[in-house]
Amino acid sequence: MKRRTKIVVLGSALLLTAGAASAATASDAPRQREAAALTGTAMLYRSAGDDITFSFDAHLAARDTADPTKATGTFEFSHYLNGEGARAKAKVDCLLTGGKVAVVSGVITESDLPGAEGRRVGVTVHDLGRHDRLGYSWAATGSPVETKELPKCVSSAPFERVERGTGDFTVVPWQPEL
C-alpha cells in the first residue's frame, strides 16, 4: 500500500512539475511587439455641430518593420451635418509613426460619396491622451474625390481637435533600425 501511494504521489508530482514547466515556458516566452500601430475611434469637434467620426485599426507587423507599405488594416471616416454627408472605408496601404504621431494612408474601398472609391486618402493622428488631434489629406482639396494621385503615407498636419469624451487614439511608435 505504501508503495502504491508513493507511486501516485510521485506521478502527481511529475505531472505538476511538467505542467508548471510548460506553463512557465509559454508565459515567459518573449512576445514581439508589432512595428507600429494606430487604433481607436473618436469624433472631431466642430462648433457648428458636424458629426465627424474617424476609426482606425492599422498595424505594421514586426517582420515588416523595414517596409511601412506592408501595413494592414482599415480605417473609416464619416462627416454629416443636418442629415447630409458621406462615409468611407479605406484599406490601409502605409503606416508611419514617430513618437505619438501616426500617418496612415489607404485606398477607399466603400463609400457613399460618388467617385470616392479607388481614391487614396491619408490621415495624421497626434496621440495626446484625452486631447488627440487629427488631420487629413483632403484638407486643402475639399474632398477625397478631388485629390489626384496622392502618394502613400501622405497627409496634413493634425489641425483638428478630438471632441472631449468621444474616444482616444493609440499610436504605437515605429522604431526602425537606422
Pairs satisfying salt bridge (Lys or Arg N to Asp or Glu O under 4.0 Å), at least one member in residues 151-160, at least two apart: R46-E160
Please list all pairs passing the disulfide (SG to SG under 2.5 Å) test where one or both residues lie in [range], with sequence neighbours left out.
range	value
residues 107-140	none
residues 76-126	C94-C153
residues 47-79	none

Partner set under side chain to side chain contact (heavy atoms under 4.5 Å, CB included) for A61, not counting sequence neighbours: R63, D64
Which donor-acceptor pairs under 3.5 Å do side chains of residues 76-88 form with protein atoms, sequence neighbours excluded?
unit_1, atom_1, unit_2, atom_2, d
H79, NE2, D50, OD2, 2.7

With S55 via side chain to side chain donor-acceptor pair (under 3.5 Å) - residues at least two apart: T41
Suppose we screen for ring pair (Phe, Tyr, Trp, His ring centres under 6.0 Å). Which residues come up paired with [X], at least two apart in sequence or across chains?
X	answer
W174	none
Y45	none
F56	F75, F169

Members sharing V103's hydrophobic cluster (side chains within less than 4.5 Å):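 The other cluster members (ILVMFWY side chains, heavy atoms under 4.5 Å, direct or chained): none.
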Other cluster members, L113 - Ile/Leu/Val/Met/Phe/Trp/Tyr, side-chain contacts below 4.5 Å: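 Its cluster mates, by chain and number, are V145.
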